[in-house]
Q: 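Structure in structure tokens, see below.
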Amino acid sequence: KNFLYKCIGVVMRKTTNKQFLLDHLNLVFSTVKHTSQVEREGCAIALGFCAASHLDMAIEKLEFVTRNDMVRKSTGLLGLMKDKTEADVERIKSTVMLCYGYVTLFAPIDLITSRVEVNILRCINPHFPNVRDTGVKQNLIRTVELIGKALHPDHIKNTEFIFSRRADLLGHMLVCWFFG
């Protein structure tokens, strides 16, 4: 499945049909097994490939998943039952955070400098303080590594870009590493 997700990502990068993109972004997220790190990686790389040509659609999909799939909704009589366990939410969070890293890495260089602080860090920063699962923690660390690679001066080749939230991101990493 990992390889299949990557292939779908390459096809999404090449297509211009918006409906095809929406359908396949939904397909990737609805079929990924969030318990499998290999499938998470495939899903994340597929979204990264898609972001190379369709950055805003990839970010919108991740924001949608964050809003709708990473919350426990009450169901049943008097809302006493939850539709997902806390572990399910943590696994989905792990996938989404990894996706943000690959989206940042593969995004067009001229666009990512304007989107990283506004769209990407705004979505991942709230998840640093309350990481319980080691898998989520590892994927958050991997995400920061990918963001670091994407914003490295050798990669963006823009001497004018200043990553103003760098200290915040490093602070989150230190707290995650030493106190998490």
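Below, all heavy atoms of this structure are taken into account, side chains as well, without hydrogens, waters or symmetry copies.
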Q: Could you give the distance from NZ (Lys6) to CD1 (Ile45), rounded to the nearest 0.5 Å?
A: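 The distance works out to 4.0 Å.
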Q: Could you walk me through whether Glu63 and Arg122 satisfy the side-chain contact (heavy atoms from CB on, under 4.5 Å) test, starting with their C-alpha distance in whole Å, then the side-chain angles of each, then the deciding distance to 0.1 Å, before giving a yes or no?
A: CA-CA 10 Å; Glu63 288 173 350; Arg122 176 183 53 83; 2.8 Å; yes
Q: Quick one: do Ile92 and Val136 end up in the same hydrophobic cluster if we chain Ile, Leu, Val, Met, Phe, Trp and Tyr together by side-chain heavy atoms under 4.5 Å apart?
A: yes
Q: Quick one: closest heavy-atom pair of Ala51 and Pro108, and the distance?
A: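 Looking at all heavy atoms of both residues, the shortest contact is O-CD, 3.3 Å.
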Q: How long is the span from the CG atom in Leu140 to the CD1 atom in Ile124, to the nearest 0.5 Å?
A: 7.0 Å
Q: Please examine the side chains of Ile112 and Val103, heavy atoms only from C-beta on, and report whether any two atoms are closer than 4.5 Å.
A: no
Q: With a 4.5 Å heavy-atom cut-off, do Lys61 and Leu22 have their side chains touching?
A: no
Q: Looking at SG of Cys99 and CG of Asn139, how far apart are the two atoms once the value is rounded to the nearest 0.5 Å?
A: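 Rounded to the nearest 0.5 Å, the SG-CG separation comes to 9.5 Å.
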Q: Indicate, with yes or no, if Val65 and Ile120 share a hydrophobic cluster defined by side-chain heavy-atom contacts under 4.5 Å among Ile, Leu, Val, Met, Phe, Trp and Tyr.
A: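 Result: yes, single cluster for both.
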Q: Give the minimum heavy-atom separation between Gly135 and Ser94, together with the two atoms involved.
A: O-OG, 3.5 Å
Q: Report yes if some heavy atom in the side chain of Phe64 is under 4.5 Å from a heavy atom in the side chain of Leu25; otherwise report no.
A: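 The answer is no, as the side chains (C-beta and beyond) never meet within the 4.5 Å cut-off.
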Q: Kindly compute the distance separating CG (Leu105) from NE2 (His152), expressed to the nearest 0.5 Å.
A: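 Rounded to the nearest 0.5 Å, the CG-NE2 separation comes out at 13.0 Å.
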Q: So how far is it from Cys43 SG to Tyr102 OH, rounded to the nearest 0.5 Å?
A: 11.5 Å
Q: Hey, does Asn119 have a side-chain heavy atom less than 4.5 Å from the side chain of Leu62?
A: no
Q: Check whether any side-chain heavy atom of Val38 sits under 4.5 Å from a side-chain heavy atom of Tyr5, and report yes or no.
A: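 They are not in side-chain contact.
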Q: Locate the shortest heavy-atom distance separating Leu146 from Gly101; write the atom from each residue and the value.
A: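 Looking at all heavy atoms of both residues, the shortest contact is CB-O, 3.5 Å.
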Q: Please give me the minimum heavy-atom distance between Ser114 and Val118, naming the atom from each residue.
A: O-CG2, 3.8 Å
Q: Report yes or no: do Met57 and Phe29 belong to one cluster of Ile/Leu/Val/Met/Phe/Trp/Tyr joined by side chain heavy-atom distances under 4.5 Å?
A: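 Hydrophobic grouping puts Met57 with Phe29.
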Q: Within the side chain of Thr95, is there an N or O that forms a donor-acceptor pair under 3.5 Å with the backbone of Arg91?
A: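 Judged by distance alone, yes, a pair lies under 3.5 Å.
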Q: Mind jotting down which residue pairs meet the salt bridge (charged side-chain N to carboxylate O under 4.0 Å, His left out) criterion with at least one end in residues 39-60? Sequence neighbours excluded, please.
A: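 Every pair satisfying salt bridge (charged side-chain N to carboxylate O under 4.0 Å, His left out) with a residue in residues 39-60: Lys1-Glu39, Asp56-Arg115.
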Q: Examine distances only and state if a side-chain atom of Thr15 and a backbone atom of Met12 form a donor-acceptor pair shorter than 3.5 Å.
A: no
Q: Just checking Phe20: does its CZ atom have more than 12 heavy atoms from other residues, nucleotides or ligands closer to it than 6.0 angstrom?
A: yes
Q: Are Ile147 and Ile109 connected in a single hydrophobic cluster, I mean Ile/Leu/Val/Met/Phe/Trp/Tyr linked by side-chain heavy atoms less than 4.5 Å apart?
A: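 Yes, same cluster.
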Q: Do any N or O atoms from the side chain of Ser53 and from the backbone of Cys50 form a donor-acceptor pair under 3.5 angstrom?
A: no
Q: Should Val116 and Ile141 be counted in the same cluster of Ile, Leu, Val, Met, Phe, Trp and Tyr side chains packed under 4.5 Å apart?
A: yes
Q: Could you report the tightest heavy-atom contact between Ala107 and Leu55, atom names first, then the distance?
A: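 The pair with the smallest heavy-atom distance is CB-CD1, 3.7 Å.
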Q: If I take atom CG from residue Leu111 and atom CD1 from residue Ile59, how far apart are they, to the nearest 0.5 angstrom?
A: 9.0 Å
